[in-house]
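Written below as structure tokens is the structure these notes are about.
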Number of protein chains: 2
Amino acid sequence: MVLPRAAKTQRRTRIQEEKEEQILEAALEVFATHGFRGSTIDQIAEVAGMSKPNLLYYFRTKEAMHRALIDRVLDSWLDPLREFDAEGNPVAEIRSYIRRKLEMARDFPRESRLFANEVLQSAPHILDELKGPLKTLVDEKAEVIRAWAKAGKIAKCDPYHLIFAIWSTTQHYADFDVQVRAVLGIEHSGEGRFEDAARFLEQLFITGLAVHDSAPS
Amino acid sequence: MVLPRAAKTQRRTRIQEEKEEQILEAALEVFATHGFRGSTIDQIAEVAGMSKPNLLYYFRTKEAMHRALIDRVLDSWLDPLREFDAEGNPVAEIRSYIRRKLEMARDFPRESRLFANEVLQSAPHILDELKGPLKTLVDEKAEVIRAWAKAGKIAKCDPYHLIFAIWSTTQHYADFDVQVRAVLGIEHSGEGRFEDAARFLEQLFITGLAVHDSAPS
DNA sequence: TGATAATTTGACCGGTTGGTAAAACATTAC
DNA sequence: GTAATGTTTTACCAACCGGTCAAATTATCA
């Protein structure tokens with residue numbers, strides 16, 4: 001057999017699983033740093049520690065690699081939002097959503113940058129996912145937030161823009177890491193900046209969304 | 001004379017000014033959409049409506065074009081922060097800073113994406129500007145904010161992370177425009193989304209930073 | 001007008017890029 | 001062991017990319 005991608009429909013070799021894993025790891029590194037068009041197969045091959053034709057044996061095109069990577073990462077990327085619980089305490093839910101998003105920005109910055117690059121450049125490869133699954137999920141959670149506001153549990157606000165604000169403020173620490181560190185200076189560029197950010201963002205969102213006396217349910 | 005860039009040190013032709021303008025406009029369009037490595041001189045030339053060698057007559061390399069573009073745009077991009085007035089009313093200053101940043105995201109999204117692309121990819125061409133002029137400016141304004149907090153005019157908070165939060169939430173509407181529109185759906189993708197965003201962000205930041213009874217100066 | 005300088009173009013070049021072909025090599029199943 | 005299958009490598013290609021060059025064209029101005 002010469003076509004590994006076809007063989008995959010049957011059963012995958014141990015080697016296949018290992019190598020595909022290796023390749024996607026390298027692809028994440030490179031795509032996240034240079035974007036799709038800015039990345040080269042040679043670069044990815046080098047990071048993956050294999051030759052270019054070898055790499056193309058597992059993924060027939062650059063786009064196939066990118067697509068496989070996105071498919072694998074997108075789901076886990078949305079997990080924090082999925083865990084947003086309608087039954088939970090509103091303030092606690094928002095707080096822990098911010099926490100989780102910030103932890104992801106700290107622990108998985110490459111995944112964040114992968115999407116940031118893609119979206120920044122008009123999301124040519126994931127637009128459908130944004131309009132479909134992502135929109136559906138956000139619509140659902142926005143409804144939850146709207147209900148909380150209506151019940152007077154949090155301040156009235158546009159739930160979509162609230163979600164955007166949480167996304168942008170947290171992912172900022174992954175996507176614009178270089179700028180954050182440049183501005184903070186070496187002395188504040190330790191991992192402590194994530195603690196500081198968490199403290200600030202909690203204060204901002206929790207206080208900013210608290211129901212104040214003049215606006216009862 | 002054959003070297004236009006040298007001639008520039010003397011006096012620039014009308015044609016030179018016009019063409020350079022045209023080129024930088026096209027370069028902004030292309031660089032903002034595809035990033036530096038993802039952009040090609042041919043693309044820029046096509047958008048600018050001239051041939052590649054002609055374009056290279058005005059800017060000798062792709063990098064020279066990029067650099068000229070950044071130089072031209074960076075200053076105006078920082079204007080809103082510069083206008084941040086230590087003598088003004090804190091709440092009003094923060095409110096109008098958010099307003100201005102949001103207006104820029106709406107009116108000059110390409111400029112925002114130009115920097116976003118650059119920073120996302122580790123800012124290879126502007127790192128010095130970030131560590132120098134940008135950091136200096138932010139340090140200065142952070143001190144103003146710190147003083148306001150100390151005087152009890154706004155809630156105590158980390159001024160750097162406050163600035164980051166304003167940057168990220170406002171620029172989000174330029175940089176991640178595609179995603180914002182995908183999530184909001186066609187029905188809410190009109191220009192009205194900037195009004196909604198402004199309302200939400202004002203509420204968030206103003207309420208979130210208001211001094212609350214339990215924390216006097 | 002004509003001379004001079006400024007601008008534009010087409011043809012081209014060496015290096016890179018995504019991708020292919022085929023043969024060499026390794027692994028597995030019997 | 002050996003045959004079939006799976007994996008890796010070497011050599012290569014056509015398209016593209018950043019950039020050059022010299023000639024052609026156009027604008028400027030005495």
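To find a chain, count down the sequence lines: A is the first, B the second, and so on, and within it residues start at 1.
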Can you tell me the distance, in whole Å, between the [atom1] atom of [X] and the [atom2] atom of [N]?
| X | N | atom1 | atom2 | result |
| --- | --- | --- | --- | --- |
| A/Lys52 | D/dC12 | NZ | P | 14 Å |
| B/Glu46 | D/dC17 | CD | P | 11 Å |
| B/Glu18 | D/dA27 | CD | P | 12 Å |
| A/Arg37 | C/dT17 | CZ | C1' | 12 Å |
| A/Phe59 | C/dT20 | CZ | P | 15 Å |
| B/Met65 | D/dG19 | CE | C1' | 13 Å |
| B/Arg60 | D/dG18 | CZ | P | 18 Å |
| A/Lys62 | D/dC16 | NZ | C1' | 12 Å |

Would you please confirm or rule out a distance under 4.0 Å between OP1 or OP2 of [N] and any side-chain N or O of [X]?
| X | N | value |
| --- | --- | --- |
| A/Lys19 | D/dT8 | yes |
| B/Tyr57 | D/dG19 | no |
| A/Ser51 | D/dT9 | yes |
| B/Asn54 | C/dT9 | yes |

**Q.** Within 6.0 Å of CD in A/Glu187, more than 12 heavy atoms from elsewhere
**A.** yes

Q.
Are A/His161 and B/Tyr173 packed together at the side-chain level, in the sense that at least one heavy-atom pair is separated by less than 4.5 angstrom?
A. yes

Q. Can you find a heavy atom in the side chain of A/Lys135 that is under 4.5 Å from one in the side chain of B/Leu184?
A. no

Q. So, A/Gln121 versus B/Asn117: side-chain donor-acceptor pair below 3.5 Å or not?
A.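 On atom types as modelled, these side chains qualify, holding a pair under 3.5 Å.
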
Q: Please determine if B/Lys141 forms a cation-pi arrangement with B/Trp167, meaning its NZ or CZ atom is less than 6.0 Å from the six-membered ring centre and no more than 45° off the ring axis.
A: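 No.
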
Q | 5' priority, DNA chain D, between B/Pro53 and A/Met50 [closest heavy atom] | A | A/Met50

Q) Of the nucleotides C/dG19, D/dG18, D/dT8, which has the atom closest to the B/Thr40 side chain? A) D/dG18

